[in-house]
Amino acid sequence: MLKIYNTLARDKQEFRPIDVSKVRMYVCGMTVYDYCHLGHARVMVVFDVVQRWLRASGYDVTYVRNITDIDDKIIKRAAENRESIHALTQRFIDAMHEDADALGVQRPDHEPRATQYIPQMLDMVAQLEQNGLAYQAADGDVNYAVRKFDGYGKLSGKSLEDLRAGERVEVDSNKHDPLDFVLWKHARPDEAAEVQWDSKWGKGRPGWHLECSAMGSELLGKHFDIHGGGADLQFPHHENEIAQSEGAHQCQYVNYWMHNGFVRVDNEKMSKSLGNFFTIREVLKKYDAEVVRFFILRAHYRSPLNYSDAHLDDAKGALTRLYTALKSVTAQAAAVGWNGDYALRFKDAMDDDFNTAEALAVLFDLANEVNRTQSPSAAAELKSLAGVLGLLQRDPQEFLQGGAGAGGLDDAAINALIESRIAAKKTKDFAEADRIRKDLLEAGIVLEDTPNGSTWRRA
RNA sequence: GGCGCGAUAGCAAAGCGGUUAUGCAGCGGAUUGCAAAUCCGUUUAGCCCAGUUCGACUCUGGGUCGCGCCUCCA
């Protein structure tokens, strides 16, 4: 039985979908005005694994991950670049897809863009206004009246009084209450027509929180199973989503809220504002994408994850061990059989709030068995279980010999050197054989002699 | 100030009230011409102080330290 840590309950709970065999899941995706960084990579990989595990468990999953393509930062960046909003966002949507594909992240079933759901958002504002939860302020903005919604704070565990004590909320005299948030922003005279939509409250554009509420209910219904995102979205974004959706629809919005932990650099949150971020494509120049995916899945999704080259090197070494086991024994393609000891341990780990760290430990035990017994069925099990996590699906040789940098030895040169070393060994000229091996090692090539000849991999 | 999370061996990172986590690194052995890879064995743990218990890294309370949210953020 799958258990999920539900932020709403602050506890692990047994997962019971609304429809017995179906799971409807929404994850907050990217605001597309720049390249994705490692923090974005974590959300994508973590919820990709959630989605994969739900499917592996037999559920019919509908997975939605939105794209925010209208927002203050996008408008600002487009103006700086002197390009249209559309050109800017399309460019970074394409880049995001490249990054996600490289990391083995499967495409969600739907990737709704905010600008394509403006009518649904306006309907929602109208419904909120009708329910007495929204009002148009003097400046033209339509705001959400937070104090009129009873459950405000139930997700983040904050009370309105506590928030007030924080004194960090900017005072805006147009709001009835400083904690009210914007549903519909009135158009400014200097803003391009591209960022203005007509509405009964005048020209304007949606507030950030509104899109997820509107797109979620449009694609998954007013009440769905799982909503995920980074821990920094818990408040205010997800809290506001609940206020909007439940305030408009008068029913429970989401049953299970999941939040992944941050990627850190030097023990600090990786973020745009701190400027301490590494883009995915930057990291992929140096490390294999599967190594990055493995690095992310090595930690539990709610734990902090420290980024450094040393940690990536460590992940690379660990993944190399798994591929090395598969190199020695051919694994025929096989569906996962869930009756074996390893498979059951793996399943228990994944069912325990997606404990990928534990699941990977099972993979290493299985790799030991493969190395020990050279059993093709054990190798097949290793490959199929890893496949559930989106790992180990490549040809081992390709992984182990991949990553040649520019200027390095190519395969032909390596093989030629190996041939001459074998010739030297035949004449017992070990000094020459060792010299060749040393030269190769200095070029980043590790030789492994086996009874059947020599193989190589990149260090 | 309010709310929340965490502290595990040299590094990284899990489970668990009593029995080997796991990966890397180290040490000993097997194997090898020597290595590498692999296998076998093995050294390093559980922030501090109390309490509960026959027994706590694991539960409870109190400290200390770190991190996050309260403002855009995955």
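Each chain gets a letter, A, B and so on, in the order its sequence line appears, and its residues count up from 1.
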Checklist entry - For A/N260 and A/Y301, take the nucleotide of RNA chain B holding the closest heavy atom to each; which residue's nucleotide lies nearer the 5' end? => result A/Y301
Checklist entry - Which part of the nucleic acid does A/N267 contact within heavy-atom distance under 4.0 Å: base, sugar-phosphate only, or nothing? => result sugar-phosphate
Next on the checklist: Regarding A/R302, tell me which of base, sugar-phosphate or nothing describes its non-hydrogen contacts under 4.0 Å with the strands shown.
Outcome noted: nothing
Checklist entry - Whole Å only: how far is the CG atom of A/L155 from the P atom of B/C70? => result 13 Å
Checklist entry - Does the B/A74 base have a donor-acceptor partner in the side chain of A/R42 within less than 3.5 Å? => result no
Checklist entry - Does any N or O donor sit under 3.5 Å from an N or O acceptor when you compare the side chain of A/K269 with the base of B/C73? => result yes
Checklist outcome for this item: Between A/A231 and A/S159, the residue closer to the 5' end of RNA chain B by nearest nucleotide is A/S159
Checklist entry - So what does A/M44 hit on the nucleic acid, given a heavy-atom distance under 4.0 Å: a base, only sugar-phosphate, or nothing? => result nothing
Next on the checklist: If I pick the C1' atom on B/U60 and the same atom on B/G66, what distance separates them, to the nearest angstrom?
Outcome noted: 23 Å
Checklist entry - Is there a donor and acceptor pair, one atom on the side chain of A/K73 and one on the base of B/C73, closer than 3.5 Å? => result no
Checklist entry - Checking all strands, does A/G29 fall into the base, sugar-phosphate, or nothing category for heavy-atom contacts under 4.0 angstrom? => result sugar-phosphate
Next on the checklist: Is it the case that B/C24 (base atoms only) and A/R321 (side chain only) share a donor and an acceptor within less than 3.5 Å, ignoring hydrogens and angles?
Outcome noted: no
Next on the checklist: Between B/U20 and B/U43, how far apart are the two C1' atoms, rounded to whole Å?
Outcome noted: 14 Å
Item to check | Separation of the P atoms in B/G61 and B/C5, to the nearest angstrom | outcome: 12 Å
Item to check | Touch class at under 4.0 angstrom, heavy-atom based, for A/D313 against every strand present | outcome: nothing
Next on the checklist: Can you check the distance between B/A74 and B/G18, where both ends of the measurement are the P atom (answer in whole Å)?
Outcome noted: 42 Å
Next on the checklist: Regarding A/V263, tell me which of base, sugar-phosphate or nothing describes its non-hydrogen contacts under 4.0 Å with the strands shown.
Outcome noted: base
Next on the checklist: Taking the C1' atom in each of B/U19 and B/G26, what is the distance between them to the nearest angstrom?
Outcome noted: 26 Å
Item to check | Partner nucleotide of B/C65 by Watson-Crick or wobble geometry (both distances under 3.5 Å) | outcome: B/G6
Checklist entry - Would you call A/M121 and A/L183 a side-chain contact if the rule is heavy atoms closer than 4.5 Å? => result no
Next on the checklist: Suppose you measure atom P in B/A9 against the same atom in B/C47; what distance do you get, rounded to whole Å?
Outcome noted: 8 Å
Checklist entry - For A/F364 and B/G23, do the ring centres fall under 5.5 Å apart while the planes stay under 30° apart? => result no
Next on the checklist: When you measure only distances, ignoring hydrogens and angles, does the side chain of A/D352 come within 3.5 Å of the base of B/G15 through a donor and an acceptor?
Outcome noted: no
Next on the checklist: What's the gap between B/C24 and B/C65 when it is taken at their P atoms, as a whole Å value?
Outcome noted: 37 Å
